[in-house]
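See structure below.
A, B, ... follow the sequence lines: proteins, then strands. Residue 1 opens every chain.
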There are 2 protein chains.
Amino acid sequence: MAAQYAEGVRGGYSPNVPTNRKPRVTIDQVAQATGVSRQTVSRAINNKTEIDPETRQRILDAAQAMGYRPSRFARGLVRQDLITIGLVIADVLNPFFPEVTAGVLEAAERRGWQVVVYNTGSERRKELEVVDMLFDQVDAGIAFLLHHDAIAKATAGNLPFVLLDKGGRAPAVPGVRIDFEGGARRGLEYLIDRGHRRIAMLDDEAYLSAEAPNTRRELYLKVMGERGIPVDINWIQPAHNSIDGGAAAMERLLSAHKDVTAVFAYNDLIAIGAQLRARALGLGVPEDCAFLGFDGLSIGELVEPPLTTLHIDKRRLGEIAVEQAALLLGGMSEDEVPEAVIEPQLIVRASA
Amino acid sequence: MAAQYAEGVRGGYSPNVPTNRKPRVTIDQVAQATGVSRQTVSRAINNKTEIDPETRQRILDAAQAMGYRPSRFARGLVRQDLITIGLVIADVLNPFFPEVTAGVLEAAERRGWQVVVYNTGSERRKELEVVDMLFDQVDAGIAFLLHHDAIAKATAGNLPFVLLDKGGRAPAVPGVRIDFEGGARRGLEYLIDRGHRRIAMLDDEAYLSAEAPNTRRELYLKVMGERGIPVDINWIQPAHNSIDGGAAAMERLLSAHKDVTAVFAYNDLIAIGAQLRARALGLGVPEDCAFLGFDGLSIGELVEPPLTTLHIDKRRLGEIAVEQAALLLGGMSEDEVPEAVIEPQLIVRASA
DNA sequence: AACGTCTCCGTGAACGCTCACGTGAGCGGT
DNA sequence: ACCGCTCACGTGAGCGTTCACGGAGACGTT
């Protein structure tokens with residue numbers, strides 16, 4: 001594969017990797033070189049007692065010079081307290097996930113755990129692949145999974161597994177539930193109470209292919225129905241889960257339904273894109289069209305007008321997931337793990 | 001430690017972890033239970049040949065039922081091809097890093113490597129701690145490090161180490177260099193050519209405590225000097241590396257120097273905060289004050305007016321780092337690793 | 001009947017480390 | 001001269017796999 005030199009990159013990179021990997025230096029080699037036993041080298045390396053300070057230094061120097069580094073495998077084999085968890089997210093570039101990741105990282109660090117991160121892009125193939133990988137590589141998994149077969153596979157195995165956003169799934173699978181129903185209800189009723197009747201919905205298109213229960217769209221229909229507000233099915237536009245996706249969907253929506261007065265978006269990313277495009281097309285926000293997001297991303301404060309949204313405590317979401325993983329790892333059975341629910345809070349800024 | 005129930009979280013979490021960790025099920029136990037040898041179980045688990053399909057299924061079922069999962073340590077000990085790299089970043093919440101992470105993740109995945117992520121917050125103590133940890137836990141490190149003693153420690157050990165943004169350091173330490181000089185020069189000359197003379201700089205305060213060469217500030221002084229433009233030292237304001245930090249710094253700057261016509265910010269985050277605050281205080285952008293950022297974050301497109309910035313290909317940065325790590329891992333010596341430079345590109349949007 | 005060839009399965013060793021011991025030297029106290 | 005103690009260090013075992021073999025049985029070929 002020829003190296004692709006991206007624009008703005010000098011001295012590009014040709015991966016002509018010489019594969020003469022040097023063999024590992026072992027503790028025994030260090031021991032032999034310094035004329036002591038393995039155990040003494042181990043004492044030096046691990047900063048233990050029962051060793052002469054002078055000997056320690058001598059060993060440390062030799063180890064350094066020889067390029068010795070203890071094998072984490074050999075070490076992990078004998079000590080049982082080295083824990084690594086796998087964090088599976090959909091997209092690092094979606095600001096939702098860095099916040100969750102921050103919570104996971106922090107909670108994991110408090111416990112002295114390592115966190116290895118996987119990106120799926122919400123593709124079915126990747127999700128399945130990553131779940132497979134997880135079984136071999138980590139002690140517990142924390143995952144955001146869209147596709148039900150990936151979820152099934154993940155929870156069927158005997159790896160402690162926690163779902164970020166476990167949706168409406170059985171209580172037996174541990175995870176954090178985000179109360180979309182309460183959130184969507186609060187958000188939509190806010191819009192309705194402010195007089196909006198023609199409320200469109202910009203949905204995440206990823207849920208079209210995944211056979212998952214799409215709570216947000218269903219909730220939209222449900223609440224609108226409860227309030228006796230007729231819904232034109234074409235008010236629902238699928239959007240790619242990104243700012244550009246939101247913009248494109250908004251344009252499609254407007255080309256057919258100029259008369260909607262408010263937009264309820266699947267999330268902030270889509271809402272932001274939609275709002276930006278609406279303004280670019282000359283609409284006033286919120287006078288001509290109001291926008292309501294979901295997630296409470298901080299970038300919602302940057303746009304004009306600042307985005308009204310249903311805020312989710314994403315950091316806490318990550319923290320709780322780690323705590324649940326800890327319970328599982330501690331030997332608790334899956335159905336004993338207490339339920340945790342995160343309640344979206346309506347944050348009224350200025351877009352609605 | 002009592003559980004803190006964050007607002008918006010029901011059914012909060014008390015970590016009364018029962019620590020009766022169940023002992024590991026080993027391959028031998030599965031072998032015994034199914035009446036075969038270890039090796040046969042191994043063949044079943046690893047999908048190898050030389051095993052009767054029927055036996056395989058029987059073993060697989062038993063393993064599943066017994067909760068068997070191969071130990072990655074034992075496995076890693078005997079196979080030498082399981083590679084894990086450590087990615088050390090300053091702050092997941094700063095959009096710069098998710099982009100780098102995306103590049104690293106993608107490149108690592110292509111190679112079948114695992115990536116474990118560490119967050120330092122650019123704190124000296126954390127940086128040193130993380131570097132220490134790295135030596136034990138991974139096969140190679142890719143790190144964004146601010147403090148020179150952390151860098152020294154990282155590069156002194158015998159762990160393959162690649163620096164993201166290696167700054168002006170010796171060529172012997174592998175890493176990617178971002179050509180801040182070229183970037184800053186292009187940016188500042190653009191401002192100067194458009195008639196600006198009183199150009200302030202909002203610097204990252206983290207560099208105050210770190211005894212690192214702060215190229216961006218020095219470059220600012222250098223270029224201004226070369227063009228014969230006098231600089232008031234108070235035009236340089238330290239800012240916390242965040243949007244709020246930029247806003248606060250801008251407010252301080254304006255309280256003393258209302259007459260600056262342009263702001264050159266350490267990065268986009270600071271620039272965005274500054275610009276937002278300036279507008280809130282009634283200034284017109286760019287008429288009253290122009291803003292120039294650094295990094296080329298996509299959120300710069302969200303603010304009004306969209307931020308003019310020096311764009312860095314962050315994804316490519318991460319990819320190159322992985323490629324360099326691969327070279328090192330392949331046995332290449334540190335000074336043989338070809339130099340890679342990333343050239344910031346001026347993207348003129350509307351803030352300057 | 002002897003021999004080769006498959007197919008399926010088992011055995012010993014090795015991976016690199018830590019843990020629980022055991023050991024000998026040195027030294028002060030009785 | 002003996003005991004007891006501390007300090008510094010060494011020895012054997014074991015952690016859970018995979019790898020390179022070796023071997024028994026079934027079956028066909030000469």
Using modelled atom types and a 3.5 Å cut-off, is there a donor and acceptor pairing between side-chain atoms of A/Asn94 and backbone atoms of A/Phe96? yes

Has the side chain of A/Arg24 got a donor or acceptor atom that lies under 3.5 Å from a matching backbone atom of A/Arg69? yes

For the pair made of [atom1] in [X] and [atom2] in [N], what is the distance, rounded to whole Å?
{"X": "B/Arg58", "N": "C/dC9", "atom1": "CZ", "atom2": "C1'", "result": "12 Å"}
{"X": "B/Gln29", "N": "D/dC15", "atom1": "CD", "atom2": "C1'", "result": "13 Å"}
{"X": "B/Glu54", "N": "C/dT7", "atom1": "CD", "atom2": "C1'", "result": "14 Å"}
{"X": "A/Leu82", "N": "C/dG16", "atom1": "CG", "atom2": "P", "result": "18 Å"}
{"X": "B/Phe73", "N": "D/dT18", "atom1": "CZ", "atom2": "P", "result": "15 Å"}

Salt bridge check, [Y] against [X]: does any charged N sit closer than 4.0 Å to a carboxylate O?
{"X": "B/Arg125", "Y": "B/Glu129", "result": "yes"}
{"X": "A/Arg315", "Y": "A/Glu106", "result": "yes"}
{"X": "B/Glu109", "Y": "A/Lys126", "result": "yes"}

Nucleotide-resolved protein contact map, nucleotides 17-27 of chain C, B/S/- at heavy-atom distance under 4.0 Å: BBBB-------

Need one value for A/Thr49: base, sugar-phosphate or nothing, where a base atom within 4.0 Å counts as base even if backbone is also close, heavy atoms only. nothing

Distance alone, cut at 3.5 Å: any donor-acceptor contact between the side chains of B/Arg72 and A/Thr84? yes

